[in-house]
Structure formats: structure tokens, C-alpha cells
Amino acid sequence: MDIPENEKRSLNFIESIIEENLRENKNEGRIHLRFPPEPNGYLHIGHAKSICLNFGLAESYNGLCNLRFDDTNPEKEDVEYVDSIMEDIKWLGFEWNDKPYYASDYFEQLYEWAVEFIKQGKAYVDDQPQELIREQRGVPTSPGVESPGRKRSVEENLKLFAAMKNGEYPDGSMVLRAKVDMASPNMHMRDPIMYRILHQKHHRTGDKWNIYPMYDWAHGQSDFIEGITHSVCTLEFEVHRPLYNWFLDQIATTSYRPRQIEFARLNLSYTVMSKRKLLELVKDKHVKGWDDPRMPTISGLRRRGYTPESLRSFADRIGVAKRDNVIDVGLLEFSVREHLNKIAPRVFGVLNPVKVVITNYPEDKVEVMDLINNPEDEAAGSRSVPFTREIYIEREDFMEDAPKKFFRMGPGREVRLKGAYIVKCEDFKKDADGNISEIYCTYDPETKSGSDTSGKKVKGTLHWVSATNSFDAEIRLYDRLFSDEDPAGHKEVDFKEFLNPESLKVLSNCKLEPSLKEAKVGDKFQFQRLGYFCVDKDSTE
RNA sequence: UGUCCGAUGGUGUAAUGGUAGCACUGCAGAUUUUGGUUCUGCCGGUCAAGGUUCGAACCCUUGUCGGACAACCA
């Protein structure tokens with residue numbers, strides 16, 4: 001990376017740690033990260049932050065980044081999620097090292113290590129009821145009490161553990177616990193559970209296992225097996241770190257150690273981020289699926305028209321630190337607009353049309369106007385837009401009694417039709433309900449766009465679409481899903497109470513310029529003076 | 001009454017003992033055939049009190065506030 005010294009970006013705290021480790025040649029100077037999603041839901045913008053962080057760190061330090069599915073809880077996990085996760089990471093533009101890894105691939109090794117633990121007296125089977133174990137663990141402010149299982153002989157433990165594995169006991173009847181310290185002020189050190197009995201089919205290992213490792217026993221060991229050097233996770237795992245290190249110290253035989261580093265997860269205003277709540281929105285049909293354009297999922301944002309670039313620049317902008325944060329959702333929205341402004345072709349679309357008749361324009365004439373596609377990008381070229389006697393403009397662009405600051409059309413006012421002529425409103429007609437039904441204008445032939453010889457200056461420029469050379473389309477207007485800044489932050493009120501009833505508006509009678517006929521699913525456009533739109537996957541001819 | 005973590009404008013994030021900067025937002029203006037974009041300017045901040053030091057956002061102490069931890073979830 002060739003960054004001039006004076007423009008050198010300052011390091012975030014994780015980069016500082018990495019550079020320090022590089023200087024001291026820790027782990028032979030290797031940099032190896034991993035992104036470890038549990039395949040129990042779709043990835044959201046918070047995961048995008050983590051993906052950009054982990055894969056980005058690997059990129060900038062010439063290291064590697066594994067994709068590892070943390071699939072140790074078959075009750076919640078599914079291949080559907082595995083597939084969507086891989087798709088989202090690829091779409092974001094990152095490549096994982098080698099192949100997708102799975103914690104479930106290490107079940108055998110984990111089991112062997114556990115047996116070793118038992119032999120060394122570092123683990124024991126506890127057959128007490130779950131409630132009792134929980135009770136004995138105590139509370140953070142006072143020590144727990146030791147389980148009678150602690151005194152079980154190695155032989156007995158070995159026998160019991162093998163029987164657990166062989167499916168001889170029912171779910172929940174026994175666990176394997178590490179013998180650490182029941183008096184530790186850190187709850188995670190109070191003889192943590194390493195294995196539970198679960199007669200549950202796993203999406204990869206099938207019926208092979210009747211016991212499954214817990215997070216703490218699986219995660220650090222997986223890092224270790226894969227040679228991970230920096231294991232980046234979110235703040236809530238901070239208290240797990242002593243246990244993470246303790247387990248590693250028991251199994252490591254060299255100085256190599258992965259190091260767990262915690263950062264603050266992303267919070268976004270006006271949205272919910274927990275997988276549980278997102279799942280609830282999907283299940284209760286408040287949205288049309290995980291990829292509903294209002295969802296903060298990566299697939300939802302993609303469908304909404306976000307680009308990978310915009311998400312990556314967003315991730316850059318929000319930074320990485322350890323303090324809790326709430327990012328203004330406006331910053332995310334800014335990031336797409338910023339990118340789309342540069343790449344999206346400008347087109348004309350009239351969402352809420354009202355007809356305008358240009359009375360002095362020949363009835364059958366069709367003039368082909370040449371319009372610039374993108375003022376931000378000369379290479380984008382231009383396109384043809386037909387201009388005719390009858391056109392549509394936006395209903396909101398006409399006002400019968402217009403105030404001074406209203407620069408658009410009104411009786412007696414002149415405005416420019418962008419890329420065409422300056423027209424003057426001469427008259428209008430209303431229907432029985434008092435709505436404007438038709439507007440009558442005259443145009444000035446001297447004012448043709450690009451060859452204007454009139455010298456006229458007008459305040460307003462409107463977009464328009466030919467009434468005879470356009471087509472109808474359904475347009476969906478999306479707004480924020482929640483009307484409250486922190487929908488999940490109210491103890492007494494369910495977050496769903498804050499659902500924005502106006503988050504989706506479907507407009508059916510919109511008029512689009514002919515060039516849009518060619519548009520394909522995923523294509524993004526700026527409807528001039530309106531905003532950005534993209535072709536949805538369920539679009540029809 | 002425990003342990004751990006954190007605290008810089010409205011929101012994020014830099015400054016790592018030496019001029020508190022950047023981005024978003026907001027406000028004002030300029031340009032503009034998008035009330036867009038772009039450009040310029042402005043508003044606005046070191047949680048508190050002590051200490052160390054020539055000098056502290058930064059180091060120390062105490063306090064305050066916020067968060068995490070008591071699933072056979074991750």
C-alpha cells in the first residue's frame with residue numbers, strides 16, 4: 001500500500017496490536033484471522049462490519065482469513081444459512097482462505113482432547129440436574145460450591161463420558177465439565193461445561209454424535225487447530241477470554257497461541273440487530289423474508305440497492321473501537337447515495353403522474369432528446385428520450401396557488417422540462433373531486449436544451465415522461481422499518497410496537513421512460529429529482 | 001457488596017506527554033438545465049476532582065456514569 005506519509009490513516013487498536021505482534025515476531029510473524037459465523041440466521045450489517053474487519057485486516061497485513069462455521073448447536077443451525085452466509089461474503093467482495101472450515105470437522109479432535117483432560121483430572125462428568133448445577137455455580141458476587149462429580153475417579157469419568165458419547169443417556173442427564181475454579185469471580189471459570197448430551201441430527205455430521213461441545217470448548221480450540229493468530233470477536237466475549245486462554249494452555253505444546261481481541265459490535269439507530277428479533281420479524285410476517293429490502297441483513301440491503309462498495313466504505317467510516325456505539329442509520333444511507341451518485345445512470349420516472357398537454361406542439365411529432373446519463377461520469381454517455389405533445393409530470397410539481405419559494409409549475413409560470421424545452425403553464429382542468437386532471441402549457445421552440453437561443457432563465461427544472469412513449473410500472477417506496485430510534489431499548493414496550501406502518505408504499509401507476517424497458521434485475525438508477533431505485537427480483541415484464 | 005471493560009462536539013472516530021483533527025448530521029452561502037452533486041464557511045467536544053510534569057484527552061489516584069458476566073446458546 002502506497003499511502004503518502006501525510007495521508008497515512010491512523011491505526012485502530014487492533015491494527016496497533018497486530019503491528020506490535022509483527023515487531024516482536026509473535027507466532028513467526030504470521031497473521032491469520034477468521035470470521036466465525038454460526039449458521040443459524042442470515043448475516044446482517046453488524047456481521048458486515050466484522051467481515052470487513054477480519055478479511056480487511058488479512059488483506060492489509062498480507063495474512064489469511066478463514067471462514068469458519070461455528071456449528072456446534074445443531075438445534076438451531078441449518079445449511080440454508082451456510083449457503084446464504086457464503087453468498088453474502090462473496091458478494092461483499094472477500095475471499096476466504098482455502099475452503100470453508102467447520103467447527104464440526106474438529107469434533108473428533110475435541111473429543112480426544114476431552115478424554116485427555118479426564119485422564120489428567122482436568123475434567124469430570126456431572127450427572128446432577130441442570131437446575132442444581134446452575135444453583136451451585138452461584139452468583140458473580142459470591143463463590144459457587146463444588147460439584148460431587150469433581151471427586152469421581154478417572155476410570156469412572158472415562159466410562160461415563162464414553163457412554164454419553166455412545167448415546168446411552170438421555171438429553172440433559174449429564175455434562176462434561178472442566179475442573180477450573182468454582183470460587184472464581186469470573187463465572188465462566190466455575191467449572192465450565194465442555195459437552196452436553198444432545199440426540200440431534202447435525203447438518204454435517206448427521207447422527208454421528210450424541211454429545212456436542214459448548215462454545216468455549218470449541219472456539220479457541222478451533223482457532224488453535226487452524227493456526228489463527230488473532231481471534232477477533234465482540235465485547236460480550238471479553239469475560240470468556242480467561243477461559244479461552246486457560247483451555248489453550250492445557251492443550252498447547254509450543255509457544256504458538258491465538259489471541260482473542262474484542263471490539264464493540266455495531267448498533268444502528270432505527271433498527272434492530274439481534275438475530276432473534278430479525279427472525280421474529282420474518283416469522284411473524286412483518287417483512288417479506290430475510291432479504292426484505294427493509295431488513296438490515298446483507299441480503300436485504302443488497303436487494304434494497306446497496307452496493308458492496310457502499311457497505312465497505314461504511315465499515316471504514318464507522319471505525320473500530322471498544323466503546324459501545326450507536327451509528328446513525330443516516331450514515332449508512334449516506335454511504336449508498338455517495339456510491340450510487342457516482343455510478344447510477346440518471347433516468348426519468350414519474351411516480352404520481354398528472355398529464356400535461358403542450359398545446360402548440362404538433363400532435364404526432366416525436367422528438368428524440370439526447371440526455372446525459374450521468375453528470376458525474378462522462379463515460380456513461382447519453383441516451384434517447386422521446387418528447388411528445390402529451391407528457392406526464394409529477395403531481396407534486398404543480399401548484400394552483402404556488403408560494404414564492406415554489407420553483408415548479410403553476411398558472412402563468414415558466415419552468416424547464418429537463419433536457420427539452422421551457423414551457424409556460426397557460427391553463428389547467430380539475431375533475432369532479434377538485435383534483436388537477438390536466439395541465440395546458442405552451443412551449444418555446446427557441447429554448448431547446450443544448451441549443452437555447454432565448455436567453456431565458458427559469459428557476460425550476462422538472463423531470464417528465466412522454467405520455468405516449470412510456471410504460472407503466474409498479475414502484476415500491478421504502479422507508480425505515482422502525483419509527484423509533486432505539487426500538488429494542490424500551491423495557492416495557494415490545495420492539496414491534498415501533499414498526500413504521502409507512503415503511504413500504506406500493507405505487508402502481510408510475511410512468512417510466514422507454515429506456516428502462518431494458519433494465520435487468522439488480523440494475524440501479526437515479527430517478528432524477530426523486531432518488532435511487534433498483535429493479536427488484538420479482539419484477540415482471 | 002464481585003470481576004472485567006469503557007467514557008473526546010448531536011453521532012461516530014483520531015490525536016499514544018507537545019496547536020484537540022476528520023467524517024456524518026445541522027445551519028449559512030456559492031455554483032448548477034436534478035430544490036441532486038460539488039465547493040466554501042459556521043455551530044459544536046476531552047465525565048469530575050485531585051496528583052505527576054515546563055507541558056496531560058493521553059500517565060497515577062479517587063469518584064461518577066455506562067456496558068458485559070449468573071444457557072446443558074453463540
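A note on names: the letters A, B, ... follow the listed sequences, proteins ahead of strands, and every chain is numbered from 1.
Within 4.0 Å (heavy atoms only), A/Gly138 reaches sugar-phosphate atoms of the nucleic acid but no base atom. Heavy atoms of A/Glu333 sit nowhere under 4.0 angstrom from any nucleic acid atom. Residue-level contact check: A/Arg317 touches the backbone only, with heavy atoms under 4.0 Å from sugar-phosphate atoms and none from bases. Residue A/Val458 is out of contact with every strand shown, counting any heavy-atom pair closer than 4.0 Å.
One donor-acceptor pair, N or O on each side, does fall under 3.5 Å between the base of B/U33 and the side chain of A/Ser449. For A/His240 against B/A68, a side-chain-to-base donor-acceptor contact under 3.5 Å is absent. Looking at A/Glu376, its side chain comes within 3.5 Å of the base of B/G36 through a donor and an acceptor atom.
Atom CZ of A/Arg265 has 12 or fewer neighbouring heavy atoms from other residues, nucleotides or ligands inside a 6.0 Å radius. Counting non-hydrogen atoms of other residues, nucleotides and ligands closer than 6.0 Å to NZ of A/Lys456 gives a total above 12.
Taking side-chain N and O atoms only, A/Arg529 has a distance below 4.0 Å to OP1 or OP2 of B/G35. In this structure, A/Arg323 reaches the B/A14 phosphate: one of its side-chain N or O atoms is under 4.0 Å from OP1 or OP2. Between A/Arg276 and the phosphate of B/A74, there is no side-chain N or O to OP1/OP2 separation shorter than 4.0 Å. One finds a side-chain N or O of A/Arg134 lying less than 4.0 angstrom from the OP1 or OP2 phosphate oxygen of B/A71. Between B/A70 and A/Thr141, no contact under 4.0 Å exists linking OP1 or OP2 to a side-chain N or O.
Within residues 100-107 of chain A, no residue has any heavy atom under 4.0 Å from RNA chain B. Residues of residues 178-189 of chain A that place a heavy atom closer than 4.0 Å to RNA chain B, in numerical order, are A/Pro185, A/Met187, A/His188.
Remark: A/Glu77 does not engage A/Arg204 in a salt bridge, criterion side-chain N to carboxylate O under 4.0 Å.
As a whole-Å value, the separation of A/Tyr532 OH from B/U37 P is 8 Å.
Here A/His202 and A/Phe107 bring their ring centres to under 6.0 angstrom of each other.
Not counting sequence neighbours, the partners of A/Phe69 by the ring pair (Phe, Tyr, Trp, His ring centres under 6.0 Å) test are A/Tyr102.
Comparing the P positions of B/G50 and B/C43 gives an interatomic distance of 29 Å, to the nearest angstrom.
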Report task. Walk me through it: do A/Phe527 and A/Phe348 pass the test ring pair (Phe, Tyr, Trp, His ring centres under 6.0 Å)? Result -> CA-CA 5 Å; A/Phe527 284 14; A/Phe348 286 164; 9.8 Å; no
Report task. Using Watson-Crick or G-U wobble pairs with both distances under 3.5 Å, give me RNA chain B in dot-bracket, 5' to 3', with [ ] for crossers and | for pairs to another strand. Result -> .((((((..((((....[..)))).(((((.......)))))....(((((..]....))))))))))).....
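The salt bridge (Lys or Arg N to Asp or Glu O under 4.0 Å) contacts involving residues 338-350 of chain A comprise A/Arg317-A/Glu338, where partners must be two or more places apart or lie in separate chains.
Residues A/Leu512 and A/Phe533 fail the side-chain proximity criterion, which asks for heavy atoms closer than 4.5 Å.
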Using atom names, set out every protein N or O paired with an N or O of nucleotides 40-47 of chain B below 3.5 Å, distance rounded to 0.1 Å.
none

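For B/A71, the glycosidic angle deviates from 0 by 90° or less, giving a syn base.
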